[in-house]
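The chains referred to below are lettered A, B, ... by the order of the sequence lines, with proteins before strands, and numbering in each begins at 1.
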There are 2 protein chains.
Amino acid sequence: MKRSVFDHQFQQQSIESKIVVSLERISEAFRVLLWKESKEHALSPIQVQILIFCNFHSEQLRKISSLASEFNLTKATVSDSVKALEQKGFIRKQQEPEDTRSYTIHLTKEGAELAKKISMFADHLYQPLSTLSDIQKQTLLSSLLEMIYKLQQAGIISINRMCFSCRYYQKKSDKHYCNLMNTPLKNTELRIDCPEHEMIGN
Amino acid sequence: MKRSVFDHQFQQQSIESKIVVSLERISEAFRVLLWKESKEHALSPIQVQILIFCNFHSEQLRKISSLASEFNLTKATVSDSVKALEQKGFIRKQQEPEDTRSYTIHLTKEGAELAKKISMFADHLYQPLSTLSDIQKQTLLSSLLEMIYKLQQAGIISINRMCFSCRYYQKKSDKHYCNLMNTPLKNTELRIDCPEHEMIGN
DNA sequence: AGTTATAGTTAGGAAACCTAACTATATTTG
DNA sequence: CAAATATAGTTAGGTTTCCTAACTATAACT
């Protein structure tokens, strides 16, 4: 009989189920923080995410389709929110001559200012990390990276821009190597959202 | 100038910001999995959470107010969802003689069966952990526990039933100790959702 | 040139959330 | 003990989230 990670008896035997439950609690924290930040600025959670994302990512990614797969939503949902942001004057749509079906999202001056403010919402997660030792942090990070990679391979998270899924990444005798920068990468240098990322096998 | 964890340059310097971004990705995975599971059973995400929670927690916690603070929602929101679950025949409200204002939620036979099924939704998070070493898992867990405790202290997550916030917990010369069971606790024995939990200072 | 794929929008609907105002019981306290 | 206050839950009304399905318009095959 298979057991759920939420089963107390199972939790007492299994460290894995404790980890999953912990991660679930932290997800809850994200949800709460995002919601709170949204309300404070009269935005919706998804609008907050879009503003932050657009503030930190390149033109190619600042399109309806990219945003949709980034946040695992439909294009219709994203389209609505983008329209709302446009009406509020935080973004502007810019047609490109190459493909007139699509457009790139640009933050207006007000949008960029707002984005800077709201992107601090995750700070509350940042502070609790300060008391962990360096080794703890390193182990924590590599474990999380491994998890994320597997979640992406399993098709649960659609998009990522981490080294493991990048065409420039190579494992050389158990060491990480980036073929774009031509340098070895320490565990802590592995990126989770690399601007130069190119998906493997494209 | 303070920087956001979503800032790429900042990420390259700071391991903490990478961890936060990773956690954010994992939260996304939870959101997606919960949504998917909901749709498959014609439930809403919050209904799924309520069913699972009620399946694994004691009577005192199976009340509107508890659920509301557990999930950081208002009572109104929870009340609505519980009503829906009742109409679908998965739960039943049971008045207690001690306090007739309130009632306890009981799963019906169908509700319990459904709860068992849907509580496996987190399994996709469980499997990616299998390749981690024991030491990695232990470090991961204690880091997460520490984070959660601080998030609760900071008032971001309202409720938890972990050892650190329990009146029976004691730190004896840097070792963990449970005064209810009268036993020392290894790092891996620390609980994240203990049925015997009693909030400190009550 | 005609089919097919892709980018984004619109419309309609269920549900997730909230706030505010409400009922009904419990508890406190003057 | 009666009056004031607190607590448990509901209802009403609103905005936003998200979906699916049908649509327009452009781009890219064949």
Give the B/S/- string for nucleotides 18-30 of chain D, one per nucleotide from 5' to 3', where a protein heavy atom under 4.0 Å of the base yields B, of only the sugar-phosphate yields S, and otherwise -.
BBB----BBS---

Is Ser102(B) close enough to dT7(D) that one of its side-chain N or O atoms is under 4.0 Å from OP1 or OP2 there?
no

Is it true that Lys117(A) and Glu113(A) have a side-chain N and a carboxylate O under 4.0 angstrom from each other?
no

Sequence neighbours excluded, the answer for salt bridge (Lys or Arg N to Asp or Glu O under 4.0 Å) partners of Asp80(B) is none

Atom CD1 of Ile64(B) and atom P of dT25(C): how far apart are they, to the nearest Å?
17 Å

Under a 4.0 Å N-O cut-off, is there an ion pair linking Glu70(A) with Arg161(A)?
yes

Can you tell me if the side-chain N/O atoms of Lys63(A) get under 4.0 Å from OP1 or OP2 in dT6(C)?
no

Taking all atoms of both residues into account, what is the closest heavy-atom pair of Ser119(A) and Phe56(A), and its distance?
CB-CE1, 4.0 Å

Could you tell me the separation between the CD atom of Gln47(B) and the NZ atom of Lys88(B), rounded to the nearest 0.5 Å?
3.5 Å

How long is the line joining CG of Leu61(B) and P of dA8(D), in whole Å?
13 Å

Return the value, rounded to whole Å, for the distance between atom NZ of Lys83(A) and atom P of dA11(C).
8 Å

Separation of dC17(C) C1' from Lys36(A) NZ (nearest whole Å)
17 Å

Hey, is the side chain of Tyr103(B) poking within less than 4.0 Å of OP1 or OP2 on dT10(D), counting only N and O atoms?
yes

Candidate pair Glu28(B) and Arg31(B), rule salt bridge (charged side-chain N to carboxylate O under 4.0 Å, His left out), full reasoning
CA-CA 5 Å; Glu28(B) 183 70 18; Arg31(B) 214 180 53 86; 3.0 Å; yes

I'd like a table of donor-acceptor pairs (distance under 3.5 Å, sequence neighbours excluded) in which one partner is a side-chain atom from residues 179-188 of chain A, with atom names and distances.
unit_1: Asn179(A); atom_1: ND2; unit_2: Gln170(A); atom_2: OE1; d: 3.0
unit_1: Asn187(A); atom_1: OD1; unit_2: His176(A); atom_2: NE2; d: 3.3

Take atom CD1 of Ile50(A) and atom P of dG8(C), then tell me their distance rounded to the nearest Å.
12 Å

State whether Lys93(B) places a side-chain N or O below 4.0 Å from either non-bridging phosphate oxygen (OP1 or OP2) of dT10(D).
yes

To the nearest Å, give me how far apart CG (Leu43(A)) and C1' (dC18(C)) are.
16 Å

Leu34(A) CG - dT16(D) P separation (whole Å)
15 Å

Just the rounded figure in Å: distance from P of dA7(C) to CD of Gln95(A).
14 Å

